[in-house]
Amino acid sequence: MNTLITPRVAETLNALHREAETVDRAHIAARMAEITEAGESFAEAVPRWLGEERAKYRTIYHDYAGNFLSVSETYGRFLYMIARTCWAKRIVEFGTSMGISTIYLAAALRDNGGGQLIASEIEPAKAARARANLETAGLADLVEIREGDALDTLNHIGGEVDLVLLDGAFSLYLPVLKLIEPYLTQGAPILGENAFDPSYLDYVRDPANLYVSQPLPVDEGRGNEFTVRAA
């Protein structure tokens, strides 16, 4: 079975991807203009963004409350495929936004025979929208959306985790991973979307920390990192 191609899910995702492209176009253009005006390359801008985010990530992401900042269709299908491949039964997602990535992962859980997706979203309006989108897609029964700062909401996982998606505040990837780390099953994939933080990359690429990790050539340029819990 492939829940992604059922009318209810496919129509919801198609509509959301179209809306995301329209809504986020101005934000992306503004970011690129900011880099140009500063005379920076993208690589040079990232450390500045990380520094600003660490200082006030709650304020910054509140300003993005109207933006999707979501995964692409290609990356969404990849998420579905990975969750199916590892027969994930319990998934944690950091940075739910409007629920596009959540739908892909929940569809995989449905096709794996059921399970639970614990999702964290700091913005109340986005959490509400994500819940509504999951209801529309018919997948709400598989998802628990925890509203608030992930350092609080993901502090109590209470069971094994088979897959993790990190797609929230870039500077929180490492602290969030460390919260979830004790619950990771052997071989659990960790997908870091926009994994630009050097401290996160250094950690998951160090074999001493029991991970195998490398850049993921899907949506190149978006800083996607593919990591597996090795032990």
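All values below were derived from every heavy atom in this structure, side-chain atoms included, with hydrogens, water molecules and symmetry-related copies excluded.
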Within the side chain of Asp167, is there an N or O that forms a donor-acceptor pair under 3.5 Å with the backbone of Gly95? no

Check the pair Arg18 / Asn14 against side-chain contact (heavy atoms from CB on, under 4.5 Å), numbers first and verdict last. CA-CA 6 Å; Arg18 287 196 302 270; Asn14 287 339; 3.7 Å; yes

Go through the steps to decide whether Glu220 and Arg222 satisfy the test salt bridge (charged side-chain N to carboxylate O under 4.0 Å, His left out), and finish with yes or no. CA-CA 6 Å; Glu220 291 190 73; Arg222 292 185 67 164; over 6 Å; no

Is the backbone of Tyr75 close enough, under 3.5 Å, to the side chain of Ser72 for a donor and an acceptor to pair up by distance? yes

Could you tell me whether the side chains of Asp149 and Tyr57 share a donor-acceptor contact shorter than 3.5 Å? yes

Atom CG of Leu191 and atom CG of Leu165: how far apart are they, to the nearest 0.5 Å? 6.0 Å

Asn224 side chain to Val218 main-chain N or O, any donor-acceptor pair under 3.5 Å? yes

So Thr153 and Glu147, side-chain contact (heavy atoms from CB on, under 4.5 Å) or not? Walk me through it. CA-CA 7 Å; Thr153 62; Glu147 188 177 311; over 6 Å; no

Pairing residues for Phe196 by the ring pair (Phe, Tyr, Trp, His ring centres under 6.0 Å) criterion, not counting sequence neighbours: Phe42, Phe170

Can you measure from CG (Asp206) to CG (Leu201) and round to the nearest 0.5 angstrom? 12.5 Å

Any donor-acceptor N/O pair, Asn155 side chain to Leu151 backbone, under 3.5 Å: no

Quick check: does any side chain N or O of Lys126 sit under 3.5 Å from a backbone N or O of Gly66, one acting as donor and the other as acceptor? no

With no hydrogens and no angle check, just 3.5 Å: does a side-chain donor-acceptor pair link Glu93 and Ser101? yes

Report, as yes or no, whether the 6.0 Å neighbourhood of atom CD on Glu52 holds more than 12 heavy atoms from other residues, nucleotides or ligands. yes

Using side-chain contact (heavy atoms from CB on, under 4.5 Å), reason through Asn194 and Tyr173 one step at a time and then give a plain yes or no. CA-CA 10 Å; Asn194 305 129; Tyr173 282 20; 4.2 Å; yes

Point-to-point distance, once rounded to the nearest 0.5 Å, from CD1 of Ile91 to CG of Leu163: 5.0 Å

Please check this pair: side chain of Arg90 against backbone of Glu160, looking for a donor-acceptor N/O pair closer than 3.5 Å. yes

Measure from the side-chain N and O atoms of Arg8 to the backbone N and O of Thr136, and report whether any donor-acceptor pair falls under 3.5 Å. yes

Stepwise side-chain contact (heavy atoms from CB on, under 4.5 Å) check, Leu16 with Phe68: CA-CA 9 Å; Leu16 289 173; Phe68 279 74; 4.1 Å; yes

Is the shortest side-chain heavy-atom distance between Asp141 and Arg110 below 4.5 Å? yes

Treating Arg131 as the side-chain partner and Ile145 as the backbone partner, does any N or O pair qualify as donor plus acceptor under 3.5 Å? yes

Do we get Lys178 above Tyr203's six-membered ring, with its NZ or CZ under 6.0 Å from the centre and within 45° of the axis? yes

Does Lys89 offer a backbone N or O that forms a donor-acceptor pair with the side chain of Asp162 under 3.5 Å? yes

Only counting residues at least two apart or in another chain, list the ones meeting ring pair (Phe, Tyr, Trp, His ring centres under 6.0 Å) with His62. none

Over-ring placement of Arg229 relative to Tyr211, 6.0 Å and 45° cut-offs: yes

Report the distance from atom CD of Glu19 to atom CD1 of Ile100, rounding to the nearest 0.5 Å. 8.0 Å

Minimum heavy-atom distance Val9-Thr3, with the two atoms named: CB-O, 3.4 Å

Once you measure the plane-to-plane angle for Tyr104 and His17, does it fall in the parallel (<30°), tilted (30-60°) or perpendicular (>60°) bin? tilted

To the closest 0.5 Å, what do you measure between CD (Glu135) and OG1 (Thr12)? 11.0 Å

Using the rule side-chain contact (heavy atoms from CB on, under 4.5 Å), only one of Leu109, Thr85, Asn2 pairs with Tyr80; which is it? Asn2

Asn112 side chain to Ala83 main-chain N or O, any donor-acceptor pair under 3.5 Å? yes

